[in-house]
Amino acid sequence: MAQMMGTFNSGGARLEQLNRWLQTVLDERSPQLSPASADASFRRYFRVLPSDETSGETYICMDAPVAQEDTRPFITVAAMLGAAGIEVPTVLEANVEEGFLLLRDLGSQTYLDALSAGEAPGPLYEDAIVALATMHGAVDAAALPPYDAEYLQYEMGMFDEWFTSKLLGLELDNRQTVLLAQTRDALVAEALTSPQGFVHRDYHSRNLMVSEPVRPGVLDFQDAMHGPMVYDLVSLLRDSYVRWPAAAIDEWIALYRELAESRGVPVGSPAEFRRRFDLVGAQRHLKVCGIFARLYLRDGKASYLQDIPLTLEHLQAALRPYGEFSNFSLFLRNTVAPAMTEALQRVADQRADDEDGETTSHEVPAP
C-alpha cells in the first residue's frame, strides 16, 4: 500500500454504504474514519477510530469495490499466513457481498517510513527475512493459483505494451522484437525451474509494517500464488522504492539461505541461488516497469514514474553477470535508458504546462 495523500472526502454513496455496515458491526451510531492508505489497485483503507478518542481500539477498514476487487483471496491468504505465525491484519468482520473488511490495525508506520526517518535497516531487514523464511517453510501454497508460464509472460508483456510502447514511444524493429521474446522465454524457463512454493508477490518496504510486539506486520498478500519462492526475496532486497549497497544485499541473501534451509526450503548452492535471485528478479523488474507506466498512463498515478529509473537499474544489475543476456542488456542501456530520460523530461514539461492551465491530459506527449 502507498500512503494516501490529500484531504479526506467524507461524501459519496460508497462511503455511506461503508458507514452503515460499520454501524452494524461496531454497534456505533457514527464511526469516525480517517484515511489510512491506498494502493495501486482500486482498494482504499480507512482507520476506524473509537467514539471516545481517549480509549478504545482502532481498526482498519478495507474498501474493495466488488466490480473491480474480490475480498475472498485476502481472507483466505490471511488465514494461511496467520496459521503459520506471520503477523497479518486479522479479518475481524467481512462483508464479501459489498466489498468491506474490518481488520486488526497493525499501526501506521511502514518499513519505508521507518527507513526514511533514519531507523537502522539491519534489524528491520533481519526481522523481515526471518518472517519470509518462515512463510516459505510453513505455508502450503498448493491450493493457490499457479504462477505459471502463461501468467509470467502476461506480466512481462506489460513492459512491451505500457512501458516501451506507450510511455517511451519506442517503435521496435523486428530484431528488437525477437530479442524481447527470447529474453522473456529464457526468464520464464528460469522461474519455472526454481524451487516452488508460497509467493507473496509484493513483499517490500511499503507492505511491511513496524508492528509491535512482532514485526514485520505483513500486508497486501491477497495476490499470492504458487511459484518461485526467490521472487519474494527479490521484492524485499531489490525494492523499487529503496536502493541498498551490493554488500548489504549479499549479506541478507546469505541470511535468508541459512534460515530457509533450516526450515526445509530448497536453496541449492550459493551460485545457483544467486542466479535464480537475479533472473527471477529480472522478470519482476520487467513487470514492474510496465505496471508503473500503466498506473501513470491509465490511472493518472504520476508518483510511480519516479520509481521506474531505480527499477531499470535493478533490471540491468540482475542481467549484467550473465552473458546470454548481453544483447538485451545493450538494448536496455543504449535504447531504453535514454528514452526513459527523455520521457521523464516530457512529463516534467507537461506538468509545467498543466500548472499554466494549458493542458490537463495524463498522456505522455508523442516523441
Side-chain angles (χ1 to χ4, degrees), residues 1-8 34-41 43-47 49 58 60 62 86-89 103-132 200-221 231-253 255-256 281 284-285 288-289 291-293 295-296 299-315 317-318 340 344 347-348 351:
M1 295 188 298
Q3 292 300 308
M4 178 183 289
M5 305 300 292
T7 303
F8 174 52
S34 67
S37 63
D39 60 21
S41 73
R43 291 180 296 270
R44 58 179 180 169
Y45 299 83
F46 300 103
R47 181 162 279 105
L49 306 174
T58 64
I60 296 294
M62 178 197 294
I86 304 300
E87 188 79 351
V88 295
L103 310 171
R104 186 164 61 92
D105 189 354
L106 298 184
S108 59
Q109 188 179 44
T110 66
Y111 265 38
L112 187 58
D113 293 335
L115 294 167
S116 299
E119 187 162 342
L124 289 173
Y125 276 71
E126 288 167 11
D127 289 343
I129 290 169
V130 169
L132 186 60
H200 178 292
R201 294 182 63 235
D202 240 353
Y203 195 83
H204 57 69
S205 61
R206 287 185 172 179
N207 288 335
L208 300 177
M209 305 299 295
V210 186
S211 53
E212 296 296 342
V214 179
R215 69 181 189 190
V218 179
L219 307 179
D220 278 11
F221 41 72
Y231 184 103
D232 287 335
L233 190 64
V234 177
S235 301
L236 179 66
L237 302 185
R238 283 191 168 147
D239 190 338
S240 292
Y241 312 110
V242 61
R243 178 189 287 105
W244 296 115
I249 291 177
D250 291 345
E251 182 178 336
W252 287 327
I253 287 175
L255 175 61
Y256 171 84
R284 183 178 194 274
H285 306 319
V288 170
C289 286
I291 288 175
F292 285 175
L295 284 167
Y296 170 63
D299 303 333
K301 298 182 178 182
S303 63
Y304 288 95
L305 283 180
Q306 68 187 7
D307 302 312
I308 294 179
L310 178 56
T311 308
L312 275 178
E313 285 184 34
H314 290 332
L315 176 59
M340 183 66 209
L344 288 175
V347 171
R351 287 178 181 168

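Side chains included, hydrogens not; waters and symmetry mates left out as well; all remaining heavy atoms used.
By the salt bridge (Lys or Arg N to Asp or Glu O under 4.0 Å) test, E126 pairs with no residue at all, sequence neighbours left out. Scored by the side chain to side chain contact (heavy atoms under 4.5 Å, CB included) test, P245 finds A248 as partners (sequence neighbours excluded). A search for side chain to side chain donor-acceptor pair (under 3.5 Å) contacts involving T58 returns D105, not counting sequence neighbours. Under the salt bridge (Lys or Arg N to Asp or Glu O under 4.0 Å) criterion, E119 pairs with R215, not counting sequence neighbours. For the side chain to side chain contact (heavy atoms under 4.5 Å, CB included) test, residues two or more places apart in sequence or in another chain that qualify with D307 are R206, Y241, F292, Y304. The side chain to side chain contact (heavy atoms under 4.5 Å, CB included) check on D202 picks up H200, H204, N207, R284, with sequence neighbours excluded. Residues satisfying the salt bridge (Lys or Arg N to Asp or Glu O under 4.0 Å) criterion with R201, sequence neighbours excluded, are E155. Residues passing the salt bridge (Lys or Arg N to Asp or Glu O under 4.0 Å) test with R351: none are found, sequence neighbours excluded. Under the rule for a ring pair (Phe, Tyr, Trp, His ring centres under 6.0 Å), the partners of Y256 that lie at least two apart in sequence or sit in another chain are H136, F273. For Y203, the side chain to side chain donor-acceptor pair (under 3.5 Å) criterion is met by no residue, not counting sequence neighbours. Taking V214 as the reference, E87 meet the side chain to side chain contact (heavy atoms under 4.5 Å, CB included) condition, with sequence neighbours excluded.
The CD atom of E313 sits 11.0 Å away from the OG atom of S240 when rounded to the nearest 0.5 Å. Distance check, rounded to the nearest 0.5 Å: CD1 of I308 to CE of M340 gives 4.0 Å. For the atom pair CG of L310 and CZ of R243, the computed distance is 5.0 Å after rounding to the nearest 0.5 Å. Residue D127 holds its CG atom at 12.5 Å from CG of L132, rounded to the nearest 0.5 Å. Distance check: R238 CZ to T311 OG1 gives 12.0 Å after rounding to the nearest 0.5 Å.
In plain terms, the two heavy atoms of L106 and S211 that are nearest each other are O-CB, 3.6 Å. Across all their heavy atoms, S205 and D239 have their closest contact at OG-OD2, 2.6 Å. Taking both residues in full, the closest heavy atoms of V234 and G281 are given as CG1-CA, 3.5 Å, listed atom of the first, atom of the second, then distance. The shortest non-hydrogen separation linking A131 to P216 is CB-CD, 3.9 Å. Minimum interatomic distance between V242 and H314 (heavy atoms only, all atoms of both residues): O-NE2, 4.1 Å.
Taking 4.5 Å as the limit, every side-chain heavy atom of R104 sits out of range of all side-chain heavy atoms of I60. A heavy-atom distance below 4.5 Å is not found between the side chains of W252 and L236. Side chains of L344 and P309 form a contact here, defined as non-hydrogen atoms less than 4.5 Å apart. Under the 4.5 Å side-chain criterion, counting only non-hydrogen atoms from C-beta, L208 is not in contact with T110. Using a 4.5 Å heavy-atom threshold, the side chains of Y111 and V210 count as touching. No side-chain heavy atom of L237 sits less than 4.5 Å from a side-chain heavy atom of W244.
Surrounding CD of E251 are at most 12 heavy atoms belonging to other residues, nucleotides or ligands under 6.0 Å away.
Distance alone, capped at 3.5 Å, places no donor-acceptor pair between the D250 side chain and the A247 backbone. Between the side chain of R47 and the main chain of G107, a donor-acceptor pair closer than 3.5 Å is present.
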